Amino acid sequence: MVKALNDGLRQALTDDPKVLLMGEDIGRLGGVFRVTDGLRKDFGDLRVVDTPLGEAGIVGAAIGLAMRGYRPVCELQFDGFVYPAANQIITQLAKLRHRSAGRISLPVVIRIPYGGGIGSIEHHSESPETYFAHTAGLKVVTCSTPHDAFHMIQQAVADDDPVVFLEPKRHYWTKGEIDPSSPQPLDRAVVRPEGTDVTVIAYGPTVPVALEAAEVAAEEGRSVEVVDLRSLSPWDTTTVRASVHRTGRAVVVHEAAHSHGFGAEVAARLQDEEFHFLEAPVVRVTGYDTPYPPSRLESDWLPGVDRILNAIDRSLSY
Amino acid sequence: MAPTETAPPETAPSDPPIQLLDRSGKLSTDDRLPLDLATVDLATLHRDMTLTRRLDTEAIALQRQGELGLWPSLRGQEAAQVGAAHALRRQDMVFPTYREHGVAWCRGLDPVALLGLFRGTTLGGWDPYAHHFNLYTLVIGAQTLHAVGYAMGLHRDDSTGTGDPDRDTAVLAFLGDGALSEGETNEAFVWAAAQNLPVVFFCQNNQWAISAPYSVQSRIPAAQRAAGYGFPGIRVDGNDVLACLAATRQALHRARSGGGPTLIEAVTYRLNAHTTADDATRYRPAAETEDWAARDPLERLEAHLRSTGAVTDDHFTDLEQRERDLAEQLRAGCRELAEPDPASPFEHTYAQIPADLRQQLREHLEFVSTGPQDGERQ
Ligand SMILES: Cc1ncc(C[n+]2csc(CCOP(=O)(O)OP(=O)(O)O)c2C)c(N)n1
Ligand SMILES: [Mg+2]
């Protein structure tokens with residue numbers, strides 16, 4: 001996936017001279033995850049910018065650059081370090097189109113390596129997606145395959161709205177085919193395997209986990225449909241509803257804490273709009289309402305295959 | 001254990017702010033801040049300061065009449081703002097706070113447009129690109145980083161150091177003394193210094209951040225901080241329009257020609273309360289305000305103009321008429337500001353309205369158009 005993101009960014013830099021990358025250690029080093037490896041050499045240090053160490057500065061300066069006609073792609077080094085930039089993202093980046101009645105357009109991408117499961121230390125495993133999905137004016141997307149990573153990063157750069165682009169860091173080293181033609185629209189969810197008994201809704205890091213659970217369930221004779229949301233804001237209620245309309249059962253999976261998480265939004269919408277077709281309550285499989293635990297606890301804390309299978313059982317028991 | 005005695009803080013030595021026009025209206029020169037008076041249009045400076053003050057006075061009155069929700073007064077800061085604004089070229093970009101009505105005026109904004117934000121008809125009110133004057137920023141310090149980013153763009157556009165007066169461009173970022181303590185402001189200084197960006201930070205040190213006196217923010221004059229970041233800082237009398245003009249010209253010139261950032265500290269005073277919602281008597285003595293009122297920026301320029309005969313009496317009579325016209329324009333214009341369209345928040349949140357939001361808009365418009373049903377719910 002790192003290579004796919006790198007290729008996608010390279011393509012974006014090639015396609016539009018106004019695109020530039022900025023972040024801590026992204027130039028000479030190529031980023032701590034090497035997502036921008038080699039780009040500074042090929043595009044120069046004015047387009048692949050090693051910034052001072054200051055996240056508010058990265059996003060604040062990106063706003064000014066965008067006002068001058070640039071399309072900045074910011075890398076925030078880790079999920080747990082986005083908070084110093086939260087003020088600029090929430091009070092400025094998200095609002096200026098609205099405040100200016102559409103005159104100011106801020107095509108800024110904020111890339112964030114996110115999520116747990118890599119045995120890391122504190123602040124390096126967080127899932128901040130709902131803070132941003134809850135903020136009007138931002139788009140929030142996340143990729144789960146190299147193919148999507150390649151296309152979605154380019155679509156995010158081409159988008160005229162600010163996009164928070166979450167990269168599931170535990171899948172950075174996942175391999176996969178890239179079909180260079182015909183990507184899905186950025187805001188569209190994708191049905192991974194189709195199924196008839198229950199719909200599992202996942203995004204980013206939990207998609208491969210959900211797929212594995214679907215395979216195990218299939219061996220037990222259960223047909224699980226997995227919907228990869230890809231975009232959390234806006235989110236594709238049409239695809240999700242259509243799936244749950246058919247299966248009548250929904251399980252939502254995410255690493256972020258349980259309460260007030262994205263799963264609550266999905267459950268609320270499904271009960272509101274598919275009430276008569278639901279055979280069971282919407283079940284959530286999530287992180288817990290605690291800070292992210294020390295890494296030696298994370299494998300059980302994170303929603304894994306077994307917890308998803310339990311949730312499927314629970315849904316089917318109604 | 002007895003508390004340890006700490007020595008009283010040693011205040012850093014500070015020069016008095018540079019002044020070219022003293023409070024009696026007498027001109028002087030200063031080698032650190034050369035100003036060729038042949039290039040200065042004193043009558044226009046006086047006109048803009050007078051009209052700016054009138055704009056402010058009228059807006060306060062409109063607030064008192066309930067036409068505006070709030071108004072942050074600039075009274076006392078006319079010299080700082082008009083002086084700085086007169087140093088700008090058309091293409092230079094300004095990032096204001098919420099108090100730069102005088103700069104807005106000099107940038108040619110329709111003054112009525114300034115009222116919308118405070119009347120609640122809009123969150124913005126003007127086209128930031130048309131006047132090279134960004135929307136007001138209410139979040140203290142946030143705009144300093146936008147200025148830095150814009151300056152990074154100028155650098156990449158080869159818009160500095162070409163020697164072409166129509167091309168070379170700089171950014172002028174305004175901030176208050178309170179904003180000096182914000183992390184974002186300090187990041188902006190770091191970025192501007194490290195990249196030698198074409199940005200001028202203009203700090204109006206009006207001595208107060210709501211109820212916090214300057215000593216809460218700093219033990220040294222703001223201008224001295226610049227050295228720590230690695231660029232020049234200059235401290236001028238902010239009630240002296242010529243010193244403000246000269247310092248900003250010098251700094252913008254340096255920025256446009258590729259010489260990097262400057263921090264200007266204009267030492268001035270907020271004569272009114274923080275906003276119309278504030279009561280300054282709760283935290284500062286009347287004597288202090290009276291002392292600063294005696295250093296009024298407008299009075300000293302007027303004294304100069306009258307004593308030197310630099311303008312004729314017509315200047316003053318014409319100006320009185322323009323003031324009356326402006327007052328009338330503001331009073332009428334304020335009440336005529338269009339009510340916001342209930343659809344507008346939905347329409348401008350994203351470049352294209354997402355399907356879900358369109359649905360919310362549909363429901364909202366239906367609700368709005370139906371209105372309350374006498375005692376009966378739908
Ligand atoms: C980040 C932030 N914190 C607090 C406030 C509330 N607030 C509004 S104005 C102000 C004081 C600002 O003082 P200063 O920077 O000196 O500007 P002045 O009002 O004197 O022009 C404060 C604390 C704010 N607008 N933004
Ligand atoms: Mg102040």
Side-chain angles (χ1 to χ4, degrees), chain A residues 17-18 20 22 46-47 49-70 72 84-85 87-88 90-108 135-139 159-162 187 231 233-238 269, chain B residues 93 95 117 122-130 134-139 141-157 159 169 171 173 182-184 186-188 190-195 197 199 340-341 344-357 359:
Chain A
K18 290 294 186 186
L20 56 87
M22 53 199 289
L46 283 179
R47 296 192 65 199
V49 187
D50 274 322
T51 66
L53 209 171
E55 292 73 17
I58 294 171
V59 177
I63 292 171
L65 275 159
M67 287 188 68
R68 185 68 198 174
Y70 286 84
N87 176 47
Q88 286 288 338
I90 294 168
T91 75
Q92 306 296 315
L93 184 63
K95 286 188 169 55
L96 272 162
R97 175 183 297 284
H98 180 202
R99 289 192 57 215
S100 66
R103 292 186 186 103
I104 297 178
S105 191
L106 298 177
V108 175
T135 301
L138 300 177
K139 291 182 174 172
D159 201 287
D160 283 334
D161 286 311
D187 58 2
S231 178
S233 177
W235 68 285
D236 182 359
T237 53
T238 310
R269 281 298 287 266
Chain B
M93 184 71 187
F95 286 85
L117 180 65
T122 173
L123 299 176
W126 55 89
D127 181 348
Y129 301 116
N134 193 35
L135 298 181
Y136 279 170
T137 298
L138 299 180
V139 180
Q143 77 284 358
T144 58
L145 284 168
H146 308 161
V148 158
Y150 196 92
M152 287 172 71
L154 292 176
H155 179 51
R156 282 159 179 74
D157 296 342
S159 295
T169 309
V171 182
E182 286 283 359
E184 295 192 359
N186 288 272
E187 283 189 42
V190 167
W191 285 57
Q195 299 172 40
L197 294 173
V199 56
D341 177 351
S344 63
F346 297 82
E347 283 164 351
H348 296 303
T349 297
Y350 293 94
Q352 257 120 40
I353 182 164
D356 271 7
L357 192 55
Q359 179 57 27

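Letters A, B, ... mirror the listed sequences (proteins, then strands); counts begin at 1. None of these values were measured; they are calculated from a predicted model.
- For A/Q88, the parts sitting under 4.5 Å from any heavy atom of chain B are the backbone and the side chain alike.
- Atom CE in A/M67 sits 4.0 Å away from atom OH in B/Y129 (nearest 0.5 Å).
- Between chain A and the residues B/T137, B/D157, B/V139, B/V190, the largest count of heavy-atom pairs under 4.5 Å involves B/D157.
- Note: B/E187 leads B/E187, B/Q352, B/M93 in heavy-atom pairs under 4.5 Å with chain A.
- For B/Q195, the part lying near chain A is the side chain, with the backbone staying farther off; criterion is any non-hydrogen pair under 4.5 Å.
- No side-chain donor-acceptor contact under 3.5 Å links B/T349 and A/R97.
- Neither the backbone nor the side chain of A/V59 comes within contact range of chain B, judged by heavy atoms closer than 4.5 Å.
- Scanning both residues, A/W235 and A/S231, for their nearest heavy atoms gives CB-O, 3.4 Å.
- For the atom pair B/L135 CG and B/L123 CG, the distance stands at 9.5 Å (nearest 0.5 Å).
- Under the 4.5 Å side-chain criterion, counting only non-hydrogen atoms from C-beta, A/P234 is not in contact with B/D356.
- Although no hydrogens or angles enter the test, the distance criterion places a donor-acceptor pair under 3.5 Å between the side chain of B/W126 and the main chain of B/N134.
- Heavy atoms closer than 4.5 Å to chain A are found in both the backbone and the side chain of B/L154.
- Residue contact with chain A, scored on non-hydrogen atoms closer than 4.5 Å, involves the backbone and the side chain of B/D127 alike.
- Within the 4.5 Å cutoff, the side chain of B/M152 has heavy atoms near those of the A/M22 side chain.
- Proximity to chain A is absent for every atom of B/N186, based on heavy atoms less than 4.5 angstrom apart.
- Comparing B/P354, B/G124, B/G153 by heavy-atom pairs within less than 4.5 Å of chain A, the highest count is held by B/G153.
- Taking chain B as the reference chain and counting heavy-atom pairs below 4.5 Å, the highest number among A/L20, A/T51, A/D187, A/D159 is found for A/T51.
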**Report entry** Stepwise salt bridge (Lys or Arg N to Asp or Glu O under 4.0 Å) test for A/D160 and A/K139
**Finding:** CA-CA 10 Å; A/D160 283 334; A/K139 291 182 174 172; over 6 Å; no
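- Both the backbone and the side chain of A/P52 come within contact range of chain B, with heavy atoms under 4.5 Å apart.
- For chain A, the nearby parts of B/P345 are the backbone and the side chain; heavy atoms of each come within less than 4.5 Å.
- The two residues A/A66 and A/P107 have their closest heavy-atom pair at CB-CD, 4.0 Å.
- Ranked by heavy-atom pairs shorter than 4.5 Å toward chain B, the options A/R269, A/K95, A/R47, A/K18 are led by A/R269.
- B/Y350 places a side-chain N or O within 3.5 Å of a backbone atom of A/L138 that can act as its donor or acceptor partner.
- In this structure, no portion of A/L106 lies under 4.5 Å from any heavy atom of chain B.
- Interface remark: A/T237 contributes side-chain atoms only to the contact with chain B (heavy atom separation under 4.5 Å).
- Residue B/A142 touches chain A through both its backbone and its side chain, counting heavy-atom pairs closer than 4.5 Å.
- Looking at A/T135, the atoms closer than 4.5 Å to chain B (heavy atoms on both sides) all sit in the backbone: N, CA, C or O.
- In plain terms, the two heavy atoms of B/Y150 and B/V171 that are nearest each other are CD2-CG2, 3.6 Å.
- Looking at A/T238, there are no atoms closer than 4.5 Å to chain B (heavy atoms on both sides), in backbone or side chain.
- With sequence neighbours excluded, the residues that form a side chain to side chain donor-acceptor pair (under 3.5 Å) with A/N87 are A/T91, B/E184.
- Each of B/V148, B/L117, B/L145 has some count of heavy-atom pairs under 4.5 Å with chain A, and the biggest count is that of B/L145.
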